[in-house]
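Atoms within a ligand are numbered from 1 in the order they appear, just like the ligands themselves.
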Amino acid sequence: MTDKPYLVIPQPDDLLIDIEGLSIGFAGANGGAPIVRNFDLTIRRGECVALVGESGSGKSITARCLLNLSGDGAEVDADRFQIKGRNALQFRETDWRKLRGTVTGLVMQDALVSLDPLRTIGQEVGEVLSAHRTLRGRHTVAARVTDVLRKVGIPDPEHRAMQYAHQLSGGLRQRALIASAIAADPDLIIADEPTTSLDVTVQAQVLAVLAERVREGAGLLLISHDLAVVAGIADRVIVMRDGRIVDSGATADVLRRPRHPYTR
Ligand SMILES: Nc1ncnc2c1ncn2[C@@H]1O[C@H](COP(=O)(O)OP(=O)(O)O)[C@@H](O)[C@H]1O
Ligand SMILES: [Mg+2]
């Protein structure tokens, strides 16, 4: 394959996300034109890529599209759309479901709609664990649930595990959502404003948990409007505006020499 055998060729497996020329539109919306256009994204193992941009620039629909959660009427097209080396344009719903359950942890912007109102927080996180880890026995699962809840900064996790989403404050729900996203040690984490409703101390704790997963080899797509957070955790930054990439590069470069008024 190469005439330079000493070169380190990245393993295909290192590339978790490899997308080129992505467009996302909605039937009947935006005068028929796609909302996100010509979007490129790669995420490798052990890498955090931040997606920033003003409100309405298309960050959330892009994040959801990575898991085929764009919603009804979404029209998605791409020149290349590879997830873990597989062509996602040919995925069936069962492939997507498997991906969402095992490979990818997802933290959506709105914790209340993302958590199941009919299950306790402990059941929610426990289900992720029993489905994707070789944990045996209820005690083991319960102990691990408590560990994960404590890790994301939920005080008194034994008690909280028995509560439902509506019994928790916004900040605790947000942490419960993060707990269920990281419980199974996913390869890829997509986090859409994961710390927005959290106070500074808990925010730091949650970011440290995400950063630890990245050090352990996971890829992280972090959507945030907080450039201090981005500077602290991201390897690369992509700046979006009106559904397009207007700037991208190494975090320090993009934040130090912003080419676009938004980043400035
Ligand atoms: N289901 C949908 N149908 C039509 N337009 C949508 C839909 N979802 C989002 N949009 C539009 O896409 C644009 C980008 O939204 P979004 O990705 O949520 O922005 P961001 O997360 O960057 O604030 C917005 O103008 C929004 O109105
Ligand atoms: Mg958003």
Side-chain angles (χ1 to χ4, degrees), residues 17 19-43 48-78 81 83 88-89 93 96 100 104-115 170-171 173-178 180-181 188-198 203 206-207 210 219-231 233-234 236-249 251 254-255 258-264:
I17 296 274
I19 289 175
E20 228 179 75
L22 174 69
S23 71
I24 310 166
F26 294 93
N30 204 29
I35 290 172
V36 170
R37 281 154 298 164
N38 207 17
F39 186 86
D40 300 339
L41 175 68
T42 58
I43 303 177
C48 172
V49 178
L51 190 53
V52 305
E54 58 199 30
S55 179
S57 57
K59 305 181 299 296
S60 291
I61 61 171
T62 302
R64 283 201 296 271
C65 177
L66 299 183
L67 292 171
N68 198 34
L69 292 172
S70 305
D72 291 339
E75 289 161 358
V76 176
D77 193 20
F81 196 146
I83 300 182
L89 291 173
E93 186 48 35
W96 285 114
R100 291 198 287 263
T104 315
L106 180 66
V107 187
M108 295 294 268
Q109 222 165 351
D110 187 339
L112 190 54
V113 299
S114 307
L115 291 167
R173 281 203 296 268
Q174 192 68 9
R175 277 171 268 176
L177 191 61
I178 292 162
S180 72
L188 178 66
I189 301 170
I190 295 170
D192 190 355
E193 305 276 7
T195 61
T196 301
S197 53
L198 305 178
Q203 178 176 324
V206 165
L207 289 170
L210 292 176
L220 172 63
L221 180 67
L222 177 71
I223 296 176
S224 178
H225 62 265
D226 187 333
L227 294 184
V229 164
V230 168
I233 188 172
R236 286 189 291 122
V237 179
I238 295 172
V239 185
M240 279 184 95
R241 190 180 190 191
D242 288 340
R244 275 187 285 202
I245 295 176
V246 292
D247 198 358
S248 70
T251 303
V254 172
L255 297 186
R259 262 174 276 165
H260 192 269
Y262 172 81
T263 8
R264 238 180 276 149

- Item | Worked verdict on Leu41 versus Leu22 for side-chain contact (heavy atoms from CB on, under 4.5 Å) | CA-CA 9 Å; Leu41 175 68; Leu22 174 69; over 6 Å; no
Original post:
Considering only heavy atoms from C-beta outward, does the side chain of Ile24 approach that of Arg64 to under 4.5 Å?
Top reply: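 SC-SC contact between Ile24 and Arg64 ruled out.
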inquiry  = Would you say that Arg175 contacts Val206 through its side chain, given a criterion of any heavy-atom pair below 4.5 Å between the two side chains?
reply    =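 Yes; the side chains approach each other to less than 4.5 Å.
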- Query: What residues form a side-chain contact (heavy atoms from CB on, under 4.5 Å) with Leu67, not counting sequence neighbours?
  - Reply: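 Counting only residues at least two positions away or on another chain, Leu67 forms a side-chain contact (heavy atoms from CB on, under 4.5 Å) with Leu69, Leu99, Arg100, Thr104, Leu106, Ile190.
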Next on the checklist: Going by side-chain contact (heavy atoms from CB on, under 4.5 Å), name the residues that satisfy it together with Thr251, two or more places apart in sequence or in a different chain.
Outcome noted: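 Partners of Thr251 under the side-chain contact (heavy atoms from CB on, under 4.5 Å) test: Val230, Ala234, Val237, Leu255.
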**Item:** Ser55 backbone or side-chain N/O/S under 2.8 Å from the Mg ion (ligand 2)
**Value:**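 Within the cut-off used here (under 2.8 Å), Ser55 places no N, O or S atom near the Mg ion (ligand 2).
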Side chains of residues 29-40: which donor-acceptor partners sit under 3.5 Å, not counting sequence neighbours?
residue : atom : partner : partner atom : Å
Asn30   : ND2  : Ala33   : O            : 3.2
Asn30   : ND2  : Pro34   : O            : 3.2
Arg37   : NH2  : Asp242  : O            : 2.8
Asp40   : OD1  : Gly21   : N            : 2.8

Collect the protein residues that have a non-hydrogen atom under 4.0 Å from ligand 1 and hand them over in chain and number order.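 Ligand 1 is contacted, at a heavy-atom distance under 4.0 Å, by Phe26, Ala29, Ile35, Glu54, Ser55, Gly56, Ser57, Gly58, Lys59, Ser60, Ile61.
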